[in-house]
2 protein chains.
Amino acid sequence: MLNQRGDLDKVFHALADPSRRTMVERLGRGPASVSELAKPLAMSLPAVVQHLAVLEASGLVKSEKVGRVRTCRIEPKVLNMAEQWITQRKATWESRLDRLGDFLAETAPETESEEKRTDT
Amino acid sequence: MLNQRGDLDKVFHALADPSRRTMVERLGRGPASVSELAKPLAMSLPAVVQHLAVLEASGLVKSEKVGRVRTCRIEPKVLNMAEQWITQRKATWESRLDRLGDFLAETAPETESEEKRTDT
DNA sequence: GCGTTGGTTAAGCACATACTTAAGTATTCA
DNA sequence: TGAATACTTAAGTATGTGCTTAACCAACGC
């Protein structure tokens, strides 16, 4: 099984850095070596390797070394997990607004724009 | 205009913490005061306020103080932005696999399983 | 007015991040 | 064999994060 909480922590944290997102974007277009990933980034190779480690720890990226080159590829399952969390948030939020709309339509069809419902 | 890069940094970073995700989940079900948000979290109020500050900085949450209670509500636009980034990654990745599949089908119809197709 | 409620500010601490440079280790190629 | 390539490891540093406690302030409620 997959530990939702900790996994989401790692995925969102991995995506919270622009260099790492650049790497993920690059890998979306196909596998790449470490130095290919490094090319567009204005930092040392070791720094890139550290970012890669974060991406691998999150499960977003897998890599394999053949000869002296390490080839990295994206792992979309984890990306789906993050997407699902967001989608679910949106779903509950939207259904709440729907229910609120229904409620307003039912009880007070003339009072249109009432949103300040700190109901509790 | 909205600065994609920095905004995404902030949103993903905001979502990378389980306490903050709990707060967002709660707010998805409707507006809440600071102490309501704090209730399920095993930490001091100031800590919660700091998390709230991160959420507000990301644009995910807005709040307004009336009397002595601050009421927080979710701001779904930013959530959409994060979702879109992920969706776009998935899209390019999938279209790449499609093109790869076409290529393999065209050039070498007998060599089937070249790219483990875990296609979700 | 005076205590209680709801939140805010400030300071401090432990630990994590995001880099750096320097020095390694394997491979590959001429 | 020996230089170049592609990382890898280690160590150091500056800055950021996630909490804490203590003290404070501004509404209510009576």
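Keep in mind it's a predicted model, so treat the numbers as computed, not measured. All chains are named by letter (A, B, ...) in the order of the sequence lines, taking the proteins before the strands, and each is independently numbered beginning at 1.
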Q.
Need to verify one output field. Residue with the more 5' nearest nucleotide on DNA chain D, B:P46 or B:A16?
A. B:A16
Q. Tell me: CG of A:D9 to P of D:dT17, nearest whole Å?
A. 15 Å
Q) Rounded to the Å, how far apart are A:F12 CZ and D:dT17 P? A) 18 Å
**Q.** A:L45 side chain, from C-beta outward: closest of C:dT8, D:dC7, D:dG18
**A.** D:dC7
Q: Would you indicate, yes or no, if D:dT20 has its OP1 or OP2 atom less than 4.0 angstrom from a side-chain nitrogen or oxygen of B:S44?
A: yes
**Q.** N/O donor-acceptor pair, side chain B:Q50 with base D:dT20, under 3.5 angstrom
**A.** yes
Q) If you check the A:V69 side chain, which of C:dA11, C:dC19, D:dC7 turns out closest? A) D:dC7
(Q) With clusters defined by side-chain heavy atoms of hydrophobic residues (ILVMFWY) lying less than 4.5 Å apart, directly or transitively, does A:V69 cluster with A:L55? (A) no
Q: Indicate whether OP1 or OP2 belonging to D:dT8 is found under 4.0 Å from a side-chain N or O atom of A:K65.
A: yes
Q) To the nearest angstrom, how far is A:R20 atom CZ from C:dC19 atom C1'? A) 12 Å
Q | Rounded interatomic separation in angstrom, taking CG from B:L37 and C1' from C:dG7 | A | 13 Å
Q. Counting just side-chain N and O atoms, does A:R70 come under 4.0 Å of either OP1 or OP2 of D:dT8?
A. yes
Q) Could you state the interatomic distance from CD1 (A:I74) to CZ (B:R89), rounded to the nearest 0.5 Å? A) 8.5 Å
Q: Take the protein atom CG of B:L41 and the nucleotide atom C1' of D:dC19, then report the distance between them rounded to whole Å.
A: 13 Å
Q. What nucleotide among D:dA6, C:dG6, C:dA18 has an atom nearest to a side-chain atom of B:S35?
A. C:dG6
**Q.** Length of the NZ-P vector between A:K10 and C:dA16, whole Å
**A.** 14 Å
(Q) In this structure, how many angstroms lie between the C1' atom of D:dT17 and the NE2 atom of B:H51, rounded? (A) 9 Å
**Q.** Among D:dT8, C:dT4, D:dT5, the one nearest B:R68 by side-chain distance
**A.** C:dT4
Q: Figure out the CG/P separation between B:L15 and D:dG18, and round it to whole Å.
A: 12 Å
Q: Please tell me which of A:V66 and A:D17 maps to the more 5' nucleotide of DNA chain C, matching each residue to the nucleotide holding its nearest heavy atom.
A: A:D17
Q: Could you tell me whether the phosphate oxygens of C:dG6, OP1 or OP2, come under 4.0 Å of any side-chain nitrogen or oxygen in B:S33?
A: no
Q. When rounded to the nearest 0.5 angstrom, what is the spacing between CD1 in A:I86 and CD in B:Q84?
A. 10.5 Å
**Q.** For the student: nearest non-hydrogen atoms of B:R70 and B:S63, plus distance
**A.** NH1-OG, 2.8 Å
Q: Just compare D:dT8, C:dC19, C:dT8 and give me whichever is closest to any side-chain atom of B:V49.
A: C:dT8
Q. Nearest to the side chain of A:H13 - C:dC19, D:dC7, C:dT17?
A. C:dT17
Q. Hey, does the side chain of B:R26 reach the backbone of B:E36 with a donor-acceptor pair shorter than 3.5 angstrom?
A. no
Q: Decide whether A:V54 and A:L79 are clustered together by the hydrophobic rule: side chain heavy atoms of Ile, Leu, Val, Met, Phe, Trp, Tyr closer than 4.5 Å, transitively.
A: no
